[in-house]
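Residue indices begin at 1 and follow the sequence shown. Atom set for the values below is all heavy atoms of this structure, side chains included, hydrogens, waters and symmetry mates excluded.
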Amino acid sequence: MELAKPQAEHAFLERMVGTWDVRSPDMGSNETWVEVCRSLNGIWFVAEGNGNMPGSGQPVTTVLTLGYDPARGKYIGSWIGSMMNHMWVYEGELSDDGNTLSLYTTGPDFADPGKTGEYREQIVFADDDHRVFNSSARQADGTWKQFMEAHYARKR
């Protein structure tokens with residue numbers, strides 16, 4: 001087995017490494033979460049978030065994994081959270097300007113629990129110390145409707 005080597009595409013993911021303050025005004029709270037993202041030899045990136053669930057105040061943990069699969073030419077990853085039983089599995093691509101990673105997945109339809117929905121989540125860098133994570137659901141007409149946005153600021 002040949003040892004994996006970072007590709008040029010991994011540079012976007014490397015920008016996520018560090019400790020971040022996270023705010024999500026869409027969740028009805030001004031409370032700050034903390035996310036710590038680390039690199040596994042520049043190949044895989046693991047981001048663990050911790051905070052309190054808006055509404056209930058219960059502590060929750062989220063884990064995002066991301067990498068790049070050169071054989072498929074796609075970014076891949078997963079997301080799990082202690083507040084739900086579903087594992088979100090991603091496949092996506094980077095925008096031409098190199099600042100937006102769009103990740104596509106399927107999962108429970110929040111409007112109709114018996115069905116499955118299509119989702120797009122994006123990581124958008126404004127600069128090296130500020131990024132946004134947003135989630136959108138595909139609508140019947142094929143468009144995306146955003147339902148969540150979180151703002152990340154790198155801690156110094």
Side-chain angles (χ1 to χ4, degrees), residues 1-27 29 31-54 59-108 110 116-138 143-156:
M1 182 173 153
E2 187 176 327
L3 187 62
K5 295 181 178 112
Q7 306 292 305
E9 291 82 0
H10 287 97
F12 176 88
L13 301 173
E14 195 70 46
R15 294 171 73 183
M16 294 179 53
V17 173
T19 303
W20 301 81
D21 281 328
V22 185
R23 292 188 185 276
S24 183
D26 289 343
M27 296 180 109
S29 172
E31 188 172 329
T32 302
W33 285 39
V34 174
E35 180 186 87
V36 176
C37 183
R38 62 191 173 95
S39 169
L40 303 179
N41 296 325
I43 301 296
W44 292 103
F45 296 81
V46 180
E48 183 173 323
N50 290 284
N52 292 324
M53 191 71 180
V60 294
T61 298
T62 61
V63 177
L64 171 69
T65 64
L66 291 171
Y68 180 77
D69 183 345
R72 291 176 18 203
K74 298 282 184 182
Y75 287 87
I76 57 174
S78 64
W79 186 93
I80 56 172
S82 60
M83 72 291 281
M84 65 177 64
N85 294 320
H86 184 76
M87 174 187 269
W88 301 88
V89 178
Y90 297 124
E91 183 175 277
E93 72 270 341
L94 193 60
S95 62
D96 289 341
D97 69 3
N99 288 318
T100 302
L101 178 61
S102 295
L103 301 165
Y104 301 92
T105 188
T106 58
F110 298 126
T116 300
E118 294 181 49
Y119 299 92
R120 178 188 70 196
E121 300 191 321
Q122 295 180 306
I123 299 169
V124 182
F125 273 91
D127 59 48
D128 287 338
D129 294 326
H130 299 92
R131 62 184 163 98
V132 172
F133 181 90
N134 65 59
S135 296
S136 300
R138 187 180 294 275
T143 61
W144 295 101
K145 181 179 180 183
Q146 184 174 310
F147 62 88
M148 192 282 289
E149 183 172 285
H151 298 261
Y152 292 67
R154 189 182 301 276
K155 292 177 100 168
R156 291 283 174 191

Student: Taking side chain to side chain donor-acceptor pair (under 3.5 Å) as the definition, give me every residue that meets it alongside S78, ordered by chain and number, with sequence neighbours left out.
Tutor: T65
Student: Using a strict 4.0 Å threshold on nitrogen-to-oxygen distance, state whether D21 and K155 make a salt bridge.
Tutor: yes
Student: Sequence neighbours excluded, which residues qualify as side chain to side chain contact (heavy atoms under 4.5 Å, CB included) partners of P59?
Tutor: N52
Student: Between S136 and Q146, which heavy-atom pair has the shortest distance, and what is it?
Tutor: OG-CA, 3.3 Å
Student: Under the side chain to side chain contact (heavy atoms under 4.5 Å, CB included) rule, what do E48 and V63 come out as? Steps first, then yes or no, please.
Tutor: CA-CA 5 Å; E48 183 173 323; V63 177; 4.3 Å; yes
Student: Would you say that L103 contacts L66 through its side chain, given a criterion of any heavy-atom pair below 4.5 Å between the two side chains?
Tutor: yes
Student: When you compare the side chain of M84 with that of W79, does any pair of heavy atoms fall below 4.5 Å?
Tutor: yes
Student: Distance check, rounded to the nearest 0.5 Å: E35 atom CD versus M16 atom CE?
Tutor: 5.5 Å
Student: If every non-hydrogen atom of H10 is compared with every non-hydrogen atom of K5, which pair is closest and at what distance?
Tutor: CE1-O, 4.5 Å
Student: Partners of H130 by ring pair (Phe, Tyr, Trp, His ring centres under 6.0 Å), sequence neighbours excluded?
Tutor: none
Student: Should we say atom CG of N85 is surrounded by more than 12 heavy atoms from elsewhere, each under 6.0 Å from it?
Tutor: no
Student: What pairs with T116 under side chain to side chain contact (heavy atoms under 4.5 Å, CB included), at least two apart in sequence or on another chain?
Tutor: T106
Student: Who pairs with D128 by salt bridge (charged side-chain N to carboxylate O under 4.0 Å, His left out), at least two apart in sequence or on another chain?
Tutor: R15
Student: Looking at residues at least two apart in the chain, or sitting in another chain, which of them share a side chain to side chain donor-acceptor pair (under 3.5 Å) with H151?
Tutor: E149
Student: Tell me every residue that passes side chain to side chain contact (heavy atoms under 4.5 Å, CB included) with V89, counting only those two or more places apart in sequence or in another chain.
Tutor: M87
Student: Sort and list the pairs that fulfil salt bridge (Lys or Arg N to Asp or Glu O under 4.0 Å) and have at least one residue in residues 95-106, not counting sequence neighbours.
Tutor: none
Student: Can you name the closest pair of heavy atoms from S82 and V60 and give their distance?
Tutor: OG-CA, 3.3 Å
Student: Apply side chain to side chain donor-acceptor pair (under 3.5 Å) to T61 and list each qualifying residue two or more places apart in sequence or on a separate chain.
Tutor: N50
Student: Taking the side chain as C-beta and beyond, is there a heavy-atom pair between R23 and T32 under 4.5 Å?
Tutor: yes
Student: Which distance, rounded to the nearest 0.5 Å, do you find between the CG of L40 and the CZ of F45?
Tutor: 8.0 Å
Student: State, yes or no, whether a side-chain contact exists between M83 and T62 at a heavy-atom distance under 4.5 Å.
Tutor: yes
Student: Only pairs under 3.5 Å count here: list side-chain donor-acceptor contacts from residues 118-126, not counting sequence neighbours, and write none if there are none.
Tutor:
from : atom 1 : to   : atom 2 : distance (Å)
E118 : OE1    : R138 : NE     : 3.1
Y119 : OH     : P108 : O      : 2.7
Y119 : OH     : F110 : N      : 3.4
E121 : OE1    : Y90  : OH     : 2.1
E121 : OE2    : S135 : OG     : 2.7
Q122 : NE2    : S102 : OG     : 2.9

Student: Tell me, please, which residues at least two apart from Y68 pass ring pair (Phe, Tyr, Trp, His ring centres under 6.0 Å).
Tutor: Y75
Student: Going by side chain to side chain donor-acceptor pair (under 3.5 Å), name the residues that satisfy it together with R154, two or more places apart in sequence or in a different chain.
Tutor: D129
